[in-house]
There are 2 protein chains.
Amino acid sequence: MPKRQVTLDEVAERAGVSRSAASRVINNAPHVSRAKREAVQRAVDALGYVPNATARALATQQAGSVVLAISGEDPALFADPFFAEVVVGISSVLEETDLELVLSLATSRRGQARLEQLLRTRQADGVMLMSLHENDPLAALAQQADVPVVFGGRPRDFEPSYYVDADNRGGARAATEHLIAGGRTRIATITGRLDEGAGTARYQGFQDALAIAGLEASRVAHGEFAEDGGAKAMGELLSRWPDLDGVFVASDQMAVGAMRVLREAGKSVPEDVGVVGFNDISGARHTVPPLTTVHQPIQALGREMARMLLALLAGEQPSPLILPTRLVVRASG
Amino acid sequence: MPKRQVTLDEVAERAGVSRSAASRVINNAPHVSRAKREAVQRAVDALGYVPNATARALATQQAGSVVLAISGEDPALFADPFFAEVVVGISSVLEETDLELVLSLATSRRGQARLEQLLRTRQADGVMLMSLHENDPLAALAQQADVPVVFGGRPRDFEPSYYVDADNRGGARAATEHLIAGGRTRIATITGRLDEGAGTARYQGFQDALAIAGLEASRVAHGEFAEDGGAKAMGELLSRWPDLDGVFVASDQMAVGAMRVLREAGKSVPEDVGVVGFNDISGARHTVPPLTTVHQPIQALGREMARMLLALLAGEQPSPLILPTRLVVRASG
DNA sequence: ATGAAAGCGCTAACAA
DNA sequence: TTGTTAGCGCTTTCAT
């Protein structure tokens, strides 16, 4: 059934040259006469030859692929549109190369084990790792793996050699400063997961801004990243500090929930309470009122991760990258 | 630098057995004595042996991977959270196997060419293909490829042997019938792209419902899938049929735009005009008013695609699958 | 510039 | 139940 594939030998024979000559032509290496070169070329076209990537990988000891690994206990994590965008970015630069993109959602124990193997056996030429949580076993593995690893985002508990991250802290600070600039003084925050780099960075940014302004940064509630988490956290905030007049929410999803609770509590946004989110999800411009939020260049994040990995594969030593975020002012804050 | 990997030979030597015996143990094939089996096992553990997937692939002629290919001219297409969900589904079943998932966004000419190669050279054991548009060259290739191909969604212009699709037509019909049940009689639709299977199926479902009810189905505007497309289409609809009292919109994204225009035109939803969308995106429950829409089981779609491919790889001949959709009634319609 | 030959690490047919 | 042997298709010295 497997229509036998055209091999290099067949090409060589047809072209009347040795296999090594043919091989040289295919990889356009030097030391082949013009005449042979063309003969081989013709044979390739005639036969429809396509090199067998597996055989090549075995011979060269290069897999010809890189993997994007998303760690985390919940498989559904990847459903966050965030990753889709990252993938688009990565994919756009990989498309210029001959590398395949392998996607590894290392979520179950089994998945983790596979990723582990992969790291140890060079089954991929490089790895992009995202969304590690605290004490993720993958971190150690990645560090001592003998393939290049690029981190997307910084893990909370250590600083990898190669990473690209968004300026979460700066973005959060800008968001909070915007609230302050609006004359608000009793500002709260709903944080994201604090066992992740992004979550803590945003929390720090919030603190930075308040510290600089000499305001109190004690109004804090911890939310899970989803909408209901935001709603719940807003409820807590409101019951402890009924007079708050601004809130920086670490994700737009949570901000949506928070605004709902605010509305239900009879507070109007932004008159009574200003709200600023983070991420600039597509829905942010259609909440009522439209959500002021922090935009991060997600596709660029993916692109830069891929570029960095490519640089590493080329033997270079790229510097870590922090991509700027940008405050998008809409009506809510 | 490449820490030389542990080979099967080393394991065999250490265990004091032949390489083939070792191989048999690894693949737990029969014809090995208990004693040897254990010896090999010990050696494997001691040495930390992990088989080289590439070599194995070359020897067995099985790639050990399947690809998810998304066709389309726009790379950003994949940014639609829809795909992320599909990936989660696929990934969850693949995680139980030893297959890797290769992601191929065949968007540029170059990307298409690579996918083509891949199909021709069995560099993957199977392919899942999504979002083909009309006259997509990939269709032909996929059909005659010598690897199993499962389609996600049905292309408009032909019926593949193996596919899993959501019941777009039935969902659209249910949506429209809901509008009818609300007593509306001048119902319009904003279609999606009609060169895709999903777009036409939804349009047909709309027509089905009106035909059965004996209502006129002439109020039609074509939109692109994004929000602005929906807004523009709604504008057209309103200018041609100012008295319309209901509209089925082929995607939630477009529905958001449509509702905006409706509001701007002074029409209230759902009092003056009922609106029903499609997809049940996460934002749908937070539009004002909350959007009535059709939910499709996206993760399940991914799961079933993967399962079907697995079945194919196992030599079975699975039947095509159509997954049910479900109307989610909220306030807008 | 050219070709012969020796692998890359594994599997599988065959003989013992 | 064993081990020997011949590949899988390509790259890459190393002579010529």
Side-chain angles (χ1 to χ4, degrees), chain A residues 1-40 43-44 47-65 98 117-118 120-123 125, chain B residues 1-40 43-44 47-65 98 117-118 120-125 146:
Chain A
M1 164 154 306
K3 227 183 315 178
R4 238 184 70 59
Q5 86 162 89
V6 181
T7 73
L8 188 49
D9 297 79
E10 286 161 36
V11 171
E13 173 166 326
R14 166 112 180 198
V17 306
S18 71
R19 182 165 21 126
S20 27
S23 173
R24 289 189 185 107
V25 173
I26 301 297
N27 303 300
N28 46 54
H31 306 305
V32 193
S33 69
R34 211 183 131 76
K36 281 204 194 316
R37 217 171 205 109
E38 285 168 354
V40 171
V44 165
L47 266 30
Y49 170 76
V50 180
N52 179 317
T54 307
R56 180 177 284 179
L58 184 58
T60 60
Q61 300 288 64
Q62 303 212 319
S65 65
D98 280 312
Q117 281 210 173
L118 204 148
R120 299 191 40 227
T121 62
R122 280 186 157 289
Q123 272 167 62
D125 297 322
Chain B
M1 164 154 305
K3 227 183 317 178
R4 237 185 69 60
Q5 87 161 86
V6 180
T7 74
L8 187 51
D9 297 79
E10 286 161 36
V11 171
E13 172 167 326
R14 165 110 179 200
V17 306
S18 71
R19 180 162 25 114
S20 32
S23 173
R24 288 188 187 108
V25 173
I26 301 297
N27 302 299
N28 46 55
H31 307 304
V32 193
S33 69
R34 213 183 129 77
K36 281 204 193 316
R37 212 169 210 112
E38 286 168 354
V40 171
V44 165
L47 266 31
Y49 170 76
V50 179
N52 178 317
T54 306
R56 179 178 285 178
L58 184 57
T60 60
Q61 301 286 63
Q62 303 211 319
S65 64
D98 279 313
Q117 282 210 169
L118 205 148
R120 299 191 39 228
T121 61
R122 278 187 157 290
Q123 271 168 63
D125 297 321
D146 51 351

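Residue numbers start from 1 in every chain, and the chains themselves are labelled A, B, ... in the order their sequence lines are given, proteins ahead of strands.
- Taking 3.5 Å as the limit, the base of dT11(D) and the side chain of R19(A) contain a donor-acceptor pair of atoms between them.
- Here the side chains of N52(A) and T121(B) are not in contact, with every heavy-atom distance at 4.5 Å or above.
- For V17(B), the listed nucleotide lying nearest its side chain is dG3(D); candidates were dC10(D), dG3(D), dT11(C).
- Taking atom CD of residue E13(A) and atom P of nucleotide dA4(C), one finds them 13 Å apart after rounding to whole Å.
- Side-chain N/O atoms of T54(B) include none lying less than 4.0 angstrom from OP1 or OP2 on dC8(C).
- On a pure distance criterion of 3.5 Å, a polar donor-acceptor pair joins the side chain of S20(A) and the base of dA4(C).
- In this entry the distance linking CZ of R34(A) with P of dT2(C) reads 13 Å, nearest Å.
- Judged purely by atom type and a 3.5 angstrom limit, R122(B) uses its side chain to pair as donor or acceptor with the backbone of D146(B).
- Side-chain proximity of T7(A) to dG3(D), dC10(D), dA1(C): nearest is dC10(D).
- In terms of modelled atom types and a separation under 3.5 Å, the side chain of D125(A) and the main chain of G64(A) share a donor-acceptor contact.
- Judged by closest nucleotide on DNA chain D, A21(B) is the one of A21(B) and A59(B) placed further toward the 5' end.
- Checking the phosphate oxygens (OP1, OP2) of dG9(C), a side-chain nitrogen or oxygen of Q61(A) falls inside 4.0 Å.
- R56(A) has its CZ atom 19 Å from the C1' atom of dG9(C), to the nearest Å.
- N27(A) places a side-chain N or O within donor-acceptor distance of the main-chain N or O of S23(A), the cut-off being under 3.5 Å.
- Across all strands shown, T60(A) has heavy atoms under 4.0 Å from sugar-phosphate atoms exclusively, and none from any base.
- Look at E38(B) and R34(B) and you find a salt bridge, because one of the NZ, NE, NH1 or NH2 atoms lies within 4.0 Å of a carboxylate O, short of that distance.
- Following rounding to the nearest Å, Q62(B) (CD) and dC10(C) (P) show an atom-to-atom distance of 17 Å.
- Separating the CG atom of D9(A) from the P atom of dA5(C) is a distance of 14 Å, rounded to the nearest angstrom.
- Rounding to whole angstrom units, CG of residue L8(B) and P of dG7(D) are separated by 20 Å.
- For N52(B) and dC8(C), the shortest distance from a side-chain N or O to OP1 or OP2 is not below 4.0 Å.
- Here the nucleotide nearest the side chain of V32(B), chosen from dC10(D), dA1(C), dT2(D), is dT2(D).
- When the side-chain nitrogen and oxygen atoms of S23(A) are compared with OP1 and OP2 of dT11(D), one or more of them lie within a distance under 4.0 Å.
- When the C1' atom of dT11(C) is taken as reference, atom CG of L58(B) falls 10 Å away, rounded to whole Å.
- Here P30(A) lies out of heavy-atom contact (under 4.0 Å) with every strand.
- Remark: P of dG9(D) and CD1 of I26(A) are 15 Å apart, rounded to the nearest angstrom.
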